[in-house]
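Just so it is clear, the structure is predicted and the values come from calculations on it, not from any experiment.
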Amino acid sequence: MLNARQMSSQPAPSHLSNGDTDIKSLDVRVHNSPVLSDDRNSVAVLFRCANGHFIQATVESKNGLDNGVFDTVSFLTPESLVRVTARPVAHDTDFDITPIELCDIHNLSTAKTPGAYSNVLHGASGEVLASIQSRTKLIEERLDNRLLDARVPATAAIFKLFSGVHELAVEYLKLHDFYHVPTPAFVGYEFPGEEDDLFTVPYFGRTARLAPTGEIHLGMALSADLERVYDFHTVFRREPVSDGRHLTEFTMLELVFNLQHSWIEILDFADSLLVSLLHSLQSQDKYTTLTNTAKRLYPLSGTFKLGLGKSGKLPRIRFNEAKTLLRDFIGIESDDDKDFTRSEEAALGRFLASEESHVSLPTDVFFITHFPKHLRSCNIYPSDEQDDTTQSFDVILRGQECVTGCRLLHSAEDLAAAFANRPHPIDPETPEWRPYMTAHEIGMPPWGGFGLGINRLVQGFLGLEDIRETVLFPRDAARLSP
């Protein structure tokens with residue numbers, strides 16, 4: 001027999017289904033105002049379960065129940081949280097609201113009228129669901145009323161899938177002998193010439209910056225012989241526009257590890273991690289159920305294409321090959337000396353996802369490798385091919401970059417020279433950069449890694465228009481609340 005502590009930890013039933021005969025107790029939201037009959041002898045109320053199912057009770061004033069039940073139901077307000085004890089009533093299975101026989105009810109928390117905000121996204125029977133265009137226009141109003149918006153199961157499914165990516169990634173990294181090393185959010189260093197990209201804050205008489213990456217400290221951890229490390233953390237970028245693509249505060253999975261032979265180990269691990277994450281999201285019942293829930297509001301959910309080659313790996317195309325694709329097959333004039341624009345990434349994404357692509361099976365995710373030196377950080381390892389490229393890559397997912405990876409310099413002499421030859425040189429003797437330089441001077445192993453933007457992964461997987469949809473409390477240039 002379960003004791004009280006064990007009983008309290010058991011998940012409550014999520015809904016009542018047609019065919020159930022047992023009486024169940026579950027917590028539900030009042031969906032709309034109770035409706036009294038004309039003779040005022042009965043009252044009908046619609047309840048909303050957390051998973052999006054709807055149940056409806058009609059209570060007679062003289063049906064043998066305690067008269068308090070009728071009174072309680074009559075005065076319920078929308079969005080109040082109640083605990084109902086009920087059994088379902090047999091009904092037409094095509095009917096999307098389950099009628100219930102209400103045995104008891106307790107008002108756990110009375111909600112005040114939510115003001116002018118009208119949540120039209122639940123889609124109960126008889127309600128007109130707003131079009132995708134209307135929902136996109138409603139985004140600011142929805143974010144202003146985020147808690148009510150998050151009660152929509154399709155919206156809540158996004159956050160649960162986000163959590164699922166975290167669970168899956170940590171499990172995968174554990175299987176591959178990675179250790180979690182929390183990296184600091186306050187850092188002293190900055191990249192000269194890129195000061196406007198960082199947030200600065202006063203720090204006990206000094207100036208600190210909010211970390212734009214954990215790469216610097218994860219790299220130092222390798223010099224401490226931890227060999228394979230990661231951080232799943234919040235990073236900060238001073239993105240000056242609110243465009244639905246960028247956040248000022250977002251979640252990154254960053255990992256680095258010692259290399260045994262070549263930088264291809266980084267490519268292969270990024271490939272295997274992404275394939276594992278995406279395959280799990282597409283195959284495990286826990287996540288497919290959430291994807292189907294999200295699909296009601298986000299129609300691209302469940303359409304993600306994971307096109308693998310015969311080796312089971314994602315397509316890999318070189319930077320110059322991607323430029324050729326843009327010019328010769330897509331019809332976009334693209335400069336080889338410039339990085340991909342947002343529209344070029346999107347065009348490449350559409351092409352490789354289409355049946356017209358000769359590169360691979362249709363896929364929504366692929367690698368672009370061998371970026372030119374002038375488009376990458378100074379401390380990235382040059383290519384072995386004696387050209388002007390680097391051992392680096394991006395992953396394009398649903399038409400936008402979501403992963404950047406590379407092999408990094410491990411020789412202290414090479415790093416010092418790279419710092420000195422930047423357009424805006426870095427002085428390795430400054431107190432802010434000295435620890436990183438020391439990590440290389442005391443024997444840094446050959447190393448590299450990558451950063452995966454979790455928000456963009458979830459956005460791309462579900463086909464969301466606005467990246468702010470991936471965060472319960474998003475932050476961008478225009479938003480500091482809720």
Side-chain angles (χ1 to χ4, degrees), residues 132-146 149-150 155 158-159 162 185-187 189-201 207-215 233-254 298 300 326 332 334-335 337-350 364 368 371 374-377 394-404 423-424 451-482:
I132 184 67
Q133 294 83 4
S134 298
R135 296 199 296 272
T136 301
K137 293 178 181 178
L138 283 170
I139 183 66
E140 297 300 338
E141 182 183 4
R142 290 173 51 211
L143 293 178
D144 287 341
N145 297 273
R146 194 54 157 163
D149 181 58
T155 300
I158 299 172
F159 312 137
F162 193 107
F186 293 110
V187 297
Y189 64 81
E190 66 179 359
F191 298 93
E194 303 173 23
E195 294 88 350
D196 289 345
D197 295 338
L198 305 183
F199 288 104
T200 59
V201 294
T207 297
R209 290 125 194 130
L210 297 181
T213 176
E215 174 193 301
H233 61 143
T234 300
V235 295
F236 306 88
R237 304 273 171 87
R238 195 173 179 275
E239 301 287 356
V241 294
S242 176
D243 59 1
R245 176 180 164 89
H246 295 95
L247 296 167
T248 54
E249 178 183 347
F250 53 97
T251 303
M252 289 285 290
L253 167 59
E254 295 186 277
Y298 307 98
L300 291 180
L326 284 168
I332 296 176
S334 183
D335 190 338
D337 290 329
K338 294 183 179 179
D339 207 344
F340 300 103
T341 65
R342 178 178 180 179
S343 61
E344 288 173 346
E345 286 183 350
L348 285 167
R350 288 192 298 270
D364 281 314
I368 298 178
F371 279 72
H374 68 277
L375 296 179
R376 294 285 147 164
S377 299
D394 279 357
V395 173
I396 306 300
L397 188 143
R398 195 87 85 158
Q400 66 176 344
E401 172 262 317
C402 80
V403 177
T404 293
H424 301 275
L452 166 60
I454 305 302
N455 302 87
R456 285 193 176 177
L457 173 65
V458 173
Q459 180 189 16
F461 179 71
L462 294 176
L464 308 177
E465 285 288 327
D466 196 309
I467 197 167
R468 293 176 296 177
E469 297 266 24
T470 66
V471 193
L472 182 56
F473 305 115
R475 293 291 179 264
D476 66 6
R479 183 165 291 276
L480 266 177
S481 65

For side-chain contact (heavy atoms from CB on, under 4.5 Å), just list the numbers for E195 and T200, CA-CA rounded to whole Å, side-chain angles, deciding distance to a tenth of an Å, and then say yes or no. CA-CA 9 Å; E195 294 88 350; T200 59; over 6 Å; no
Begin with the C-alpha distance, continue with both residues' side-chain angles, and end with the deciding distance and a verdict on side-chain contact (heavy atoms from CB on, under 4.5 Å) for I454 and L253. CA-CA 7 Å; I454 305 302; L253 167 59; 4.0 Å; yes
Check against side-chain contact (heavy atoms from CB on, under 4.5 Å), I396 and L348: CA-CA 9 Å; I396 306 300; L348 285 167; 5.6 Å; no
Test side-chain contact (heavy atoms from CB on, under 4.5 Å) applied to T234 and F236, step by step: CA-CA 7 Å; T234 300; F236 306 88; 3.8 Å; yes
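Applying the side-chain contact (heavy atoms from CB on, under 4.5 Å) criterion to S242, with sequence neighbours excluded, gives R468, D476, A478. Contacts of A347 classified as side-chain contact (heavy atoms from CB on, under 4.5 Å), with partners at least two apart in sequence or in another chain: L326, I330, I332, R350. Evaluation of the side-chain hydrogen bond (donor to acceptor under 3.5 Å, both in side chains) rule for H246 yields D243 as partners, not counting sequence neighbours. Qualifying side-chain hydrogen bond (donor to acceptor under 3.5 Å, both in side chains) partners for S343, counting only residues two or more places apart in sequence or in other chains: T341. For E215, there are no salt bridge (charged side-chain N to carboxylate O under 4.0 Å, His left out) partners at least two apart in sequence or on another chain. E194 pairs by the salt bridge (charged side-chain N to carboxylate O under 4.0 Å, His left out) definition with R422, not counting sequence neighbours. Under the rule for a side-chain contact (heavy atoms from CB on, under 4.5 Å), the partners of V403 that lie at least two apart in sequence or sit in another chain are L274, F393, V395, F450, L452. In this structure, the side-chain hydrogen bond (donor to acceptor under 3.5 Å, both in side chains) partners of D394, at least two apart in sequence or on a different chain, are R376, T404. Shown here are the salt bridge (charged side-chain N to carboxylate O under 4.0 Å, His left out) partners of R479, two or more places apart in sequence or in another chain: E140, D144. With sequence neighbours excluded, no residue satisfies side-chain contact (heavy atoms from CB on, under 4.5 Å) with D196. By the side-chain hydrogen bond (donor to acceptor under 3.5 Å, both in side chains) test, R209 is found to be paired with E190, residues two or more places apart in sequence or in another chain being considered. Residues satisfying the salt bridge (charged side-chain N to carboxylate O under 4.0 Å, His left out) criterion with E345, sequence neighbours excluded, are R245.
Nearest approach of P474 to L143, heavy atoms of both residues: CG-CD2, 3.8 Å. For the residue pair F159 and A150, the shortest heavy atom distance occurs at CE1-CB, 4.0 Å. The shortest non-hydrogen separation linking F199 to R237 is CE1-O, 3.3 Å. In terms of heavy-atom proximity, C402 sits nearest to R456 at CB-CB, 3.9 Å. The shortest heavy-atom contact between H424 and P192 is CB-O, 3.3 Å.
Atom CD of E469 sits about 9.0 Å away from atom CD of Q459, to the nearest 0.5 Å. With rounding to the nearest 0.5 angstrom, the OG1 atom of T470 is 6.0 Å from the CG atom of L247. To the nearest 0.5 angstrom, L462 atom CG is 11.5 Å from F162 atom CZ.
Without hydrogens or angle criteria, R398 side chain to D364 main chain gives no donor-acceptor distance under 3.5 Å. Looking at T248, its side chain never comes within 3.5 Å of a backbone N or O of A477 through a donor-acceptor pair.
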